[in-house]
There are 2 protein chains.
Amino acid sequence: MSVSGVNGTGQRRPTMKEVAARAGVALKTVSRVVNEEPNVSPELTAKVQAAIKDLNYTPNESARMLRRGKTGTIAVVIRDIGDPFFASLGRAVELWARSSGSVVMIGLTDEDPERERDVCLEFVARRPDALIMAPIGETQEYLAPHVDAGMAVVTIDRPAHGIEADAVLADNAGGIDQAIDHLVRQGHRRIAYLGDDERIFTARERVVAYRAAMARHRIDVDEDLVHLSEPTTEGIGITLSAVLDRAEPATALLSANNMTTAEVLRGLAGRRDRVALVSFDDLALGDLLSPGLTAVAQSADVMARTAIQLMTERLPEPHRPGRTVRVPVKLTIRGSGEIPPA
Amino acid sequence: MSVSGVNGTGQRRPTMKEVAARAGVALKTVSRVVNEEPNVSPELTAKVQAAIKDLNYTPNESARMLRRGKTGTIAVVIRDIGDPFFASLGRAVELWARSSGSVVMIGLTDEDPERERDVCLEFVARRPDALIMAPIGETQEYLAPHVDAGMAVVTIDRPAHGIEADAVLADNAGGIDQAIDHLVRQGHRRIAYLGDDERIFTARERVVAYRAAMARHRIDVDEDLVHLSEPTTEGIGITLSAVLDRAEPATALLSANNMTTAEVLRGLAGRRDRVALVSFDDLALGDLLSPGLTAVAQSADVMARTAIQLMTERLPEPHRPGRTVRVPVKLTIRGSGEIPPA
DNA sequence: CTGTTAGCGCTTTCAT
DNA sequence: ATGAAAGCGCTAACAG
């Protein structure tokens, strides 16, 4: 029982050496007790534990890391912590980390390749045992020396390039197929596609799947209904009026990511169209909207757990060839996608 | 330009010593170049940089930390990464960290005091320069030795106990006042209060403020309209039917936190009441609901920046007395709170 | 301007 | 079962 400051202020933290001195044992004995190594007599163990308590000793992880060469940290590099998909990932990784005595460093890229590089380089200097990331840049070659040195890299949402890494990807094509099939089944043919910049891997996969699915249904894609850009409030506003305020307006919208969907919903709220909407990616409160949001949901949790699984498998053999796992997605029907064509 | 594995697999990372050898200089010269210390001739600098590049050298932060006694790490311990409030906090801290060459460790408590303790103790072993947390437990005394040793602690949302720390708190009473004033102004008198467990600091402040505000308006609080519990889907369902399915049903609901609000919305979606709802805490997509969510919004961003400000001020003088800053909240009117009494 | 020496706090190795 | 010595990779404190 000690109140802050009572033991003196500006105190150095006690070291293992001091604990040893206090307990009247050798340094190594303290180390053994701290690390719960076998072969320490109960008497000494008790003495050491008492000294630890008296001194409020806590081991210095920096020293441990240096000596051991393992840091017990997992680096997570993602676009945004607020995105529900990445929040799930963060949660899952944190949970695993705590159960295995590791900690999680988190870095945000905001979809900027340079930031990705900066953050990753900052992180790898700390020698994380593993790096879980949603890559953006063209190549992650800059990580190669660390991968060679045994750091396990697992990517999520998109694959890495230039390094040996595992990847957990959503079944983008399957999800788009389901969405288009669903809309076509309701009688829609003028289905606008609102997606993200094609430089993004998932955006690329999804728009390709859109064209393929449309072709499969023998519907000619009206290029004026295909819009690929960063999802800003005003950009989506313009896009909406482009696809809806025209002679033959789109009767359905396929929004290809959750940021776009949020902006589409904002945009539609200011208009009076009756247009169907299916979103690739669910929103946190998609069930509370009216109509509810019909969405192709990625199982963030399954993807996160898969990533962790791959990571734990890779840890002991860091140089094994990269694996890619595709995780299925699921169309959730709630109303917005079941509005028939006008 | 090197492809992973080509330089050999399972390679050790080069050390400063090896760089020195390769560059034909002393260890310390490499250190100087790496740390951009002055007084190194351009020639040697060039040589060293070449050697660094050849060897793909990156400094080992563990060693640096050990030697320097500073880790360049900020620990963040919060309830849940997905909560928009904490997501904002995380974002702000990450941004600051990156601009100052630090990294962020993140730990989740899920509102469990034991987990809080475990996570914090795990973290402090890593000797973070600062700890930003939303405390839950009765006391954070277990951090005292580390505070004594110079770790800066700043809490957000709730104060710490048993240690000297700064705190950034929302103006809970002011927010509740605004909410009640607003509802009373619409003619409501039977205003149900749905809050969290009173063990939680903010929950306590808010329910006290609710009673005070009601008293100020000379309205007797009907205790059957006051419900304090953890926000689970079924619990809130029961609560809703308790306050709405009765002789004199509540005409307005004041939901005192965002988890409760989400569940209230889910519950109301399955019912046909016309009841006003004001939420303390906004939801991510509160503007997209219909009616829009009238909410007392905490400026997560302002609170986060305030916390960082306090932290940077505390870093150089870790033993200064704790300061508490109250951050104002703002009532955002969007429709759900403007439904008149039946 | 450059280099040498010591040692951060711990674990590893090897004695005893 | 216990301990002494060495050293992880780096920076601080001094020389030159």
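So that the names make sense, note that chain A is the first sequence line, chain B the second, and so on, each numbered from 1.
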| query | With sugar-phosphate meaning primed atoms plus P, OP1 and OP2, does A/V25 contact a base, only sugar-phosphate, or nothing at under 4.0 Å between heavy atoms? | reply | sugar-phosphate
| task | Quick one: label A/A26 by what it contacts on the DNA or RNA (base, sugar-phosphate, nothing), any heavy atom closer than 4.0 Å. | result | sugar-phosphate
| request: State whether A/N39 places a side-chain N or O below 4.0 Å from either non-bridging phosphate oxygen (OP1 or OP2) of D/dT2. | output: no
| message | Please determine whether a side-chain nitrogen or oxygen atom of B/S41 lies at a distance below 4.0 Å from atom OP1 or OP2 of C/dC1. | response | no
| said: Any base atoms under 4.0 Å from B/P38, or only sugar-phosphate, or nothing? Heavy atoms, all strands. | reply: nothing
| query | Which nucleotide in the set D/dG7, C/dG9, D/dT11 lies at the smallest distance from any side-chain heavy atom of A/R67? | reply | D/dG7
| Roughly how far apart are B/I106 CD1 and B/I74 CD1, rounded to 0.5 Å? | 12.0 Å
| said: Measuring from the side chain of B/K28 (C-beta onward, heavy atoms only), which nucleotide among D/dG3, D/dT11, C/dT11 has the closest atom? | reply: D/dT11
| Does C/dT11 have OP1 or OP2 sitting under 4.0 Å from an N or O in the side chain of A/R64? | yes
| task | Output the single nucleotide from D/dG9, C/dT2, C/dC10 whose closest atom is nearest the side chain of B/T15. | result | D/dG9
| message | Just N and O in the side chain of A/T29: are any of them under 4.0 Å from OP1 or OP2 of D/dG3? | response | yes
| query | Does A/S31 make a side-chain N or O approach to OP1 or OP2 of C/dT11 shorter than 4.0 Å? | reply | yes
